[in-house]
Amino acid sequence: MKLQRSISALVLVSVSLAACGSEAPKAQGTPAPEEGATVTFWHGQSGTLGTELQKIIDKFNSTHRTQVKAEFKGSYAQLYQAVVASIQAGSPPDMAQVPGPNTTALYLKAKALQPVQKFIDGPDGYTKDQLKDFYPAFLDDSRLVVDGKSTLVSWPLSKSMQVLYYNPKILDQAGVTVPKTYKELREALKTVKQKVPGVSPLSYTADLYYFFLPMLRAQGGELLTKNLDKAAFNSDAGRAALQFQADLVQVDKTATITKSFDWQNPFAQGKVAFAISTSVSQSFIEQAMPANAKFTVGVAPLPAGDKKANNTLFGNNLVIFNKATAAKQRGAWLFMKWMSDLNQVVAWSIASSYMPVRQSAGTDPTFKERLNKLPSVTVTLAALKDSVGLPPSPDLEKIGPIITDAITKALQPTNPASPAAALSEAERKVNDILKGD
Amino acid sequence: MWTRPVKRGVLYALMVGAGALVAFPFYWMVSSSLKSNAEASRFPPSLFPTELLFGNYARAWEATPFLRYFINSAIMSIGTVVLELATATLAAYALARMRVPGRRWIFGIMLATLMIPPEAILIPNFIIIKTLQWYDTYWALIIPFAASVFAIFLLRQTFLNVPHELYESAVLDGCSHLRYLWQIVVPLSRSGLAVVALLTFIRTWNAFQWPLIVTGSKDMRPIQVGLLIFQSDVSTNYNLLMAGSAMAVLPLILVFFVAQRQLVQGIARTGLRG
Amino acid sequence: MPAVGVTTRAPARLLTRRQRHRREALLAYLFLLPALVVLGAFHLFPAFYSFYMSLYKWEIIQERFVGLRNYVRLAGDPEFLRSLGLTLVYVVATVPVEMAIGLALALLLFQGLRARGFFRLLYFMPNITSLVAAGMVWGWIFNKDFGFANAALEALHLPQQRWLLEPRGVLNLLGLGPSDSAPSEALLAIILVTIWFFLGFHTVVYLSGLTAIPAEMLEAARMDGAGGWRLFRHITFPLLTPTTYFLVLVATIGAMTSFNLVYIMGGGGAGGCGGQPLGTTRIVGLFVFDRFWCQTRLGYASAAAFFLMVVVVAITALNVRFVGRRVQYVD
């Protein structure tokens, strides 16, 4: 109701703005001059990425009347908690990073967002042709249904996916090549275990996102039903995906399960052959590598399953909050738009090893030249065709830990639950949550 | 029976053994902080670093604005100590030496606030801070902690130790409560006040959840929050992480060493009367 | 209430006793005011607000009034009941042990050995460490791949443990109970760190309790031939009773509402939900956090938090009623 009302009000405003803009026939018109608003921006970009992001923001501030005040709120989880708290207090920031469409959906459910569609259609926006330069997968991942209409709610900033990291030196020693399918992966791990003692063939974090979800989908399964109201993972595909991990851990004993990013350090020390993680881990691994490291970090797309190849589109988008004044909202959009100019897209991608959001970045000469140093970007762009975003359910944050628990239970070294039992239990709990009420 | 020297020897051994167990994590923190990253993640770990890399501290110091964090922590801690001493002294004196109708109720209310799980009041408090427009200011870090029931109870205990005769003679001299409090009770209770100040300082210096929620900019963040951020910055570089932890702990250990007599002796003398 | 202003000019001595009392009461309230304002605004009011929230279906936004339904739900929520059980285990495994070790160390220090001040300081040192730093260091010690704990086990030819990643019950690992018996090895590790953190506090408080016992009393007992265990059992320990009550109360409340250390060590360091592995370290404080921040079920979480508060108040009230008269500050 409220949202509808504010949207229609905003449409009115943009129409009247367009009318002021003289000859423009539709919403597209001459942009009004910048108001010079100060836009508070909460993000969760730590380490080098945080520093690089600040550099780009500084550049924006020095060339614009609009000023973006960036505040690092901690990890994505902490950022999310800060935003939830601020929504309770009725004073969210003007703009924030969201780590996935599910988070966007939750904020939208709280009636806290101003979908960016309004600005895209407005005088500061993009034409249909201009929009075509953005990877469709990224835009699709930014859309949600608002009032029955597919609407661009958030705007892509940093995009990544899971990849398979490998240590080429260990692979050489074992005489294996980079596996293309999960079956090949299992064999490769066995060979590594046999031929290169003292290293962990595979290290990863056993949660929903890094291994289970892409393999579930590659086996032809899905996490939730199409309209997001029921669990769908307790299927043949789900059980096969979980059984695969259980076999690695319990039968072959070729996989080491670590806590969060604890695998990075041993990998950097050359003690891990394969790891599954997000494509932006590369810079963190390299940071931990000793100066005299004798290998480079290998990056490959995730192996394919029985049905297809699949990876999950990760990364983060930007959203605008509807409590912000019109001037601040517009300022936030102007920043997003500027961030999406080819120059910034290339700079940010090179600095962060996130994928560039524009297709034309691929033809940009400076980008191409420096791309060779960033194997992960080449790999991820090539694998983008197999990328599917997270289910945009506002309840995913509640569901994730339940499935992660099921995975953990099935992977216990002693007395593990069977994948079928673990997934059935999780299915029951997830359905309870999705029932709402 | 054991002879005296043997008995002593056993007692010393026990004392030293317990001390070693308690101190070990501190040693491990410092020793890991001086290793190279490769050495820190070697198994089995080396008890003593093969090479002492003091440069790790410089690297950690440069990786994040520690100085700013320290300054913020100092402002937050000292501000809280000053205000809390003021409110607690007045309240404790009233409860110790003045006729307060409904005193049981006041006690009850105060005791009740001790039992509220911090989790339960985080969001309401955040809403209050936002309403007062204190978000990302020192006010948000200090004012909610400007009164503490523990401090009030501790000081009340201390004030009760001031002989009552002093009060009677002071009243006969026409001394007001405020003057009596300021000129007689406070000077006589210096050690109790010092204990409260120290305990508050430690607690405030170590606070992290609240500052994390109510601060936004690096300019406002205290050291514990900075340390958490530092953790995500250096990721799994455990040597740097340990160096950062050591730096965060060091100032308190210094304060503690300087003031330990006051602190340790005072804690229970004021907390209870044996 | 009749006005009191009329007599304020008269010298204090000439006021009637009643007037004097009233003036004193007013002044006392004035003294109490700043503290009460802060406590009211930042503790009591939020507590009531959280009760108010608990009466609603309140996910990320306030939805509708549901009365006590959240509380009814809690009573039938196996995860909540489990977290209550874990809290009980945590309290029982930490408080008595901390106190026993603290008392033992206090008695040791009380023997008048050399370097007593130094050791007292040493034992108290964990208590001034930040839980963030302590959590990081202990997490590193318990790291299953590079941690010192496993290195020590290896040196002793004992099997490697997964520590903070091990959800199996300790009893089960020793071959004594079902695999889901509490505490899990992860919770045990956290319990050990909790004891490490707090034992110095108990030592210092007990030590001062010992110091306060009149020396003549102990001397007299010794003259009567009491020594060693008998002296402790019949003289020292009974005389320490007020100290013990104080510590039981403070430590129990602290352990029941504890959060930070368990959260950081249970996988919550970077803003996660904690309680890992498999929820075996999710004591009530973490249950509240999880439902509040991770599941954004604010109404439900508030109900759990309020319930916890009621339990703590009840325990304290019982304690005060039956034994607490000897604890000075409760009157």
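In what follows, chains carry the letters A, B, and so on, assigned in the order in which the sequence lines appear, proteins first and then strands, with residues in each chain numbered from 1. When reading the values below, keep in mind they use all heavy atoms of this one structure, side chains included, and skip hydrogens, waters and symmetry mates.
- No more than 12 heavy-atom neighbours from other residues, nucleotides or ligands sit within 6.0 angstrom of CZ on B/Arg59.
- Considering only heavy-atom pairs separated by less than 4.5 Å from chain A, the leading option among B/Ala38, B/Ala63, B/Ala40, B/Pro124 is B/Ala38.
- Note that OH of B/Tyr135 is 5.0 Å distant from CD of A/Glu71, once rounded to the nearest 0.5 Å.
- Looking at every heavy atom in both residues, B/Arg221 comes nearest to A/Phe72 through NH1-O, 2.6 Å.
- We find the OH-CG distance between B/Tyr238 and A/Asp262 to be 3.5 Å, quoted to the nearest 0.5 Å.
- The environment of B/Trp139 atom CH2 is sparse: at most 12 non-hydrogen atoms of other residues, nucleotides or ligands sit within 6.0 angstrom.
- Proximity to chain A (any heavy atom under 4.5 Å) is restricted, for B/Thr215, to the backbone atoms N, CA, C and O.
- Surrounding CD of B/Gln133 are at most 12 heavy atoms belonging to other residues, nucleotides or ligands under 6.0 Å away.
- Under the 3.5 Å distance criterion, the side-chain polar atoms of B/Lys130 are left unmatched by any main-chain donor or acceptor of A/Ser86.
- If you measure heavy-atom distances from A/Gln269 to chain B, the contacts under 4.5 Å come from the side chain alone.
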Quiz item: Yes or no on side chain to side chain contact (heavy atoms under 4.5 Å, CB included) for B/Asn37 and A/Met289, after CA distance, side-chain angles and deciding distance?
Solution: CA-CA 8 Å; B/Asn37 190 24; A/Met289 277 165 69; over 6 Å; no
